[in-house]
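The structure appears right after this line, and notes come after that.
Below, chain A is the first sequence line, B the second, and so on; all start at residue 1.
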Amino acid sequence: MQFTKTITSWYSVNKRSLPWRDTKNPYNIWLSEIILQQTQVKQGLPYYYAFLKAFPSVFHLAEAQESDVLKLWQGLGYYSRARNLHAAAKYVVNDLNGTFPSNYKDLLKLKGVGDYTASAIASICFNENTAVVDGNVYRVLARYFGVNIPINTTKGVKYFKTLAQTLIDAKNPADYNQAIMEFGAIQCKPQSPNCNICPLNTSCEALAKNMVKTLPVKLKANKVKKRYFNFLVFISEDGKTILEKRTGKGIWQNLYQFPLVETKQDADFDVFSEQLKTETLLKKQSFQLSLYNKDSIVHKLSHQHLYTKFWIVNVNKLPVKGVVFKDVKAYAVPVLIGNFIEAFQFK
DNA sequence: AATGCGGGGGT
DNA sequence: ACCCCAGCATT
């Protein structure tokens, strides 16, 4: 297929030099693929180096505490990736004697490994003939073949997986898969691709029909929800504050935060001050309240905007076991909390 | 099939 | 304000 030949020869000339391209070690490739899920190379690169340094092998990772893995993952987002990474490492060590699964089907059994990642590892490390379909592949194929089926539907997912599988270079799945992704990232990029220099510009359906800007088609996402977060930054006379672990289902699972009071709307000082008197932590406790940031800090996640206030709660003695100020930075926290800790300087 | 999950960067 | 990113798990 001409498409396949052009993509692979483009890749041999234009590929970036990246650390995970110097190895076929499945541990390294797996780590890189998990880090790069929904994450650009530039953002993930420092984490890849940090993880390999802290956990050079799957055995090191399996022996770690989840809290240490999350701390190292801090700032990268989608924290279930870190929790699943750690769980999968323990599975590989405890159930598979440390030997990585070596085919698509068995790779899928690892937590956090879905169709894309199993295909990537199987092809790159074991040369299995299974096509990857990531955001880049959707875009390249939708444009080149002029496909307007929405990519985020069951029909679209199946269609593109099948199409990708017909195009893969069976003699070199490892390079072909990486080639089409790199082509999407650098040449057939989302915004204003330079089609003048594209090696496929004489046969690209989207270019011929002036559809480059409208492909691929993606069904619109839901609207962003607004939430109002009030963090209680306790300050005790013996130099401690309170950190709580987030449990349950929502965002930032297993990360730490200051005690949180969520309100239906932006909290007013007087109203909130009264409300606090009924909070469990402050029921039988006198406290002095001050507001750290008058204007809410807006922290934007994909599907929620968090309007956030940090309330400084001075107390004589903490109602629960606290954390001494110098230890606060050892906890894995969301970026929103980490930024506050950096700026506030506990002392 | 629909929803939730982070954070950074670009336009 | 909206889109994108080497997606996955849950319901």
P-based separation of B:dG8 from C:dA9 [nearest Å]: 24 Å
Looking at every strand, decide which applies to A:W20 at a 4.0 Å heavy-atom threshold: base, sugar-phosphate, or nothing. base
A:K249 side chain N/O closer than 4.0 Å to the phosphate oxygens (OP1, OP2) of C:dA9? no
I want to confirm an ordering. Mapping A:L110 and A:E33 to their closest nucleotides on DNA chain C, which one lands closer to the 5' end? A:E33
Tell me: CZ of A:R246 to C1' of B:dC5, nearest whole Å? 12 Å
Exactly one candidate in A:F272, A:F231, A:Y292 meets side-chain contact (heavy atoms from CB on, under 4.5 Å) with A:W311; the answer is A:F272
A:H303 NE2 to C:dC2 C1': how many Å, rounded? 13 Å
Ring centroid separation for A:F344 and A:F310, is it under 6.0 angstrom? no
For A:S80, which contact category applies under a 4.0 Å heavy-atom criterion: base, sugar-phosphate, or nothing? nothing
Comparing nearest nucleotides in DNA chain C, the 5'-proximal residue of the pair A:K220, A:A185 is A:K220
Expressed as a whole number of Å, how far does the C1' atom of C:dT10 sit from that of B:dG7? 22 Å
Answer with base, sugar-phosphate or nothing: what part of the nucleic acid does A:Q304 contact at a heavy-atom distance below 4.0 Å? sugar-phosphate
Given C:dG7, is OP1 or OP2 found less than 4.0 Å from the side-chain N or O atoms of A:Q38? yes
It should be established whether A:W73 places a side-chain nitrogen or oxygen under 4.0 Å from OP1 or OP2 of nucleotide B:dG7. no
Rounded to whole Å, CD of A:Q37 lies from C1' of B:dG4 at a distance of 15 Å
Write down the distance separating the P atoms in C:dT11 and B:dG6, rounded off to the nearest Å. 16 Å
Mind checking if A:G250 touches a base, just sugar-phosphate, or nothing, with heavy atoms under 4.0 Å? sugar-phosphate
Among C:dC4, B:dC5, C:dA6, the one nearest A:I251 by side-chain distance: B:dC5
What is the distance from CD1 of A:I151 to P of C:dA6, rounded to the nearest Å? 13 Å
Ranking A:Q191 and A:L76 by the position along DNA chain B of their nearest nucleotide, the one closer to 5' is A:L76
Rounded distance in Å - NZ (A:K223) to P (C:dC3): 13 Å
So for A:Y78 and B:dG6, does any side-chain atom that can act as donor or acceptor lie under 3.5 Å from a complementary atom in the base? yes
Check whether the side chains of A:N177 and A:S119 place a donor and an acceptor atom closer than 3.5 Å, and report yes or no. no
Of C:dC5, B:dG6, C:dC8, the nucleotide closest to the side chain of A:R139 is C:dC5
Side chain of A:L36 - closest among C:dC4, C:dA6, B:dG7: C:dA6
Please walk me through it: do A:K109 and A:D106 pass salt bridge (charged side-chain N to carboxylate O under 4.0 Å, His left out)? CA-CA 5 Å; A:K109 296 173 185 167; A:D106 290 335; 3.0 Å; yes
Round to the nearest Å and state the distance from A:N254 atom CG to B:dC5 atom C1'. 14 Å
Please determine whether any donor N or O and acceptor N or O are separated by less than 3.5 Å between the side chain of A:T39 and the base of C:dG7. no
Could you check whether A:D115 gets within reach of a base, just the sugar-phosphate, or nothing at all, counting any heavy atom under 4.0 Å? sugar-phosphate
What is the nucleic acid contact for A:R83, judged by heavy atoms within less than 4.0 Å: base, sugar-phosphate only, or nothing? nothing
For A:K225 and B:dG4, is the shortest distance between a side-chain N/O and OP1 or OP2 below 4.0 Å? yes
In terms of heavy-atom contacts, does NZ of A:K161 have more than 12 from other residues, nucleotides or ligands at under 6.0 Å? yes
Heavy atoms only, 4.0 Å cut-off, all strands: where does A:I35 land among base, sugar-phosphate and nothing? nothing
Does A:V132 reach a base, just sugar-phosphate, or nothing at all? Heavy atoms under 4.0 Å. nothing
Rounded to whole angstroms, how far apart are CZ on A:F160 and P on C:dG7? 15 Å
Minimum heavy-atom distance between A:E128 and A:S102, given as atom pair plus value: OE1-O, 4.3 Å
Picking from C:dA9, B:dG7, C:dG7, the nucleotide nearest the side-chain atoms of A:N84 would be C:dA9
With a 6.0 Å cut-off (strictly less than), is the heavy-atom count around NZ of A:K213, excluding the residue itself, greater than 12? no
Identify, between A:L255 and A:N152, the residue whose nearest nucleotide on DNA chain B lies closer to the 5' end. A:N152
Among A:L70, A:V69, A:I251, which one satisfies side-chain contact (heavy atoms from CB on, under 4.5 Å) with A:Y79? A:L70
Residue matched to C:dC8 through Watson-Crick or wobble contacts both under 3.5 angstrom: B:dG4
Suppose we call a contact any N or O donor and acceptor under 3.5 Å apart; does that hold for the side chain of A:T117 and the base of C:dG7? no
Starting at OH of A:Y79 and ending at C1' of B:dG8, how long is that distance when rounded to a whole Å? 12 Å
Give A:K111 one of three labels, base, sugar-phosphate or nothing, depending on what nucleic acid heavy atoms sit under 4.0 Å from its own. sugar-phosphate
Just checking A:G184: base, sugar-phosphate only, or nothing, at a heavy-atom cut-off of under 4.0 Å? nothing
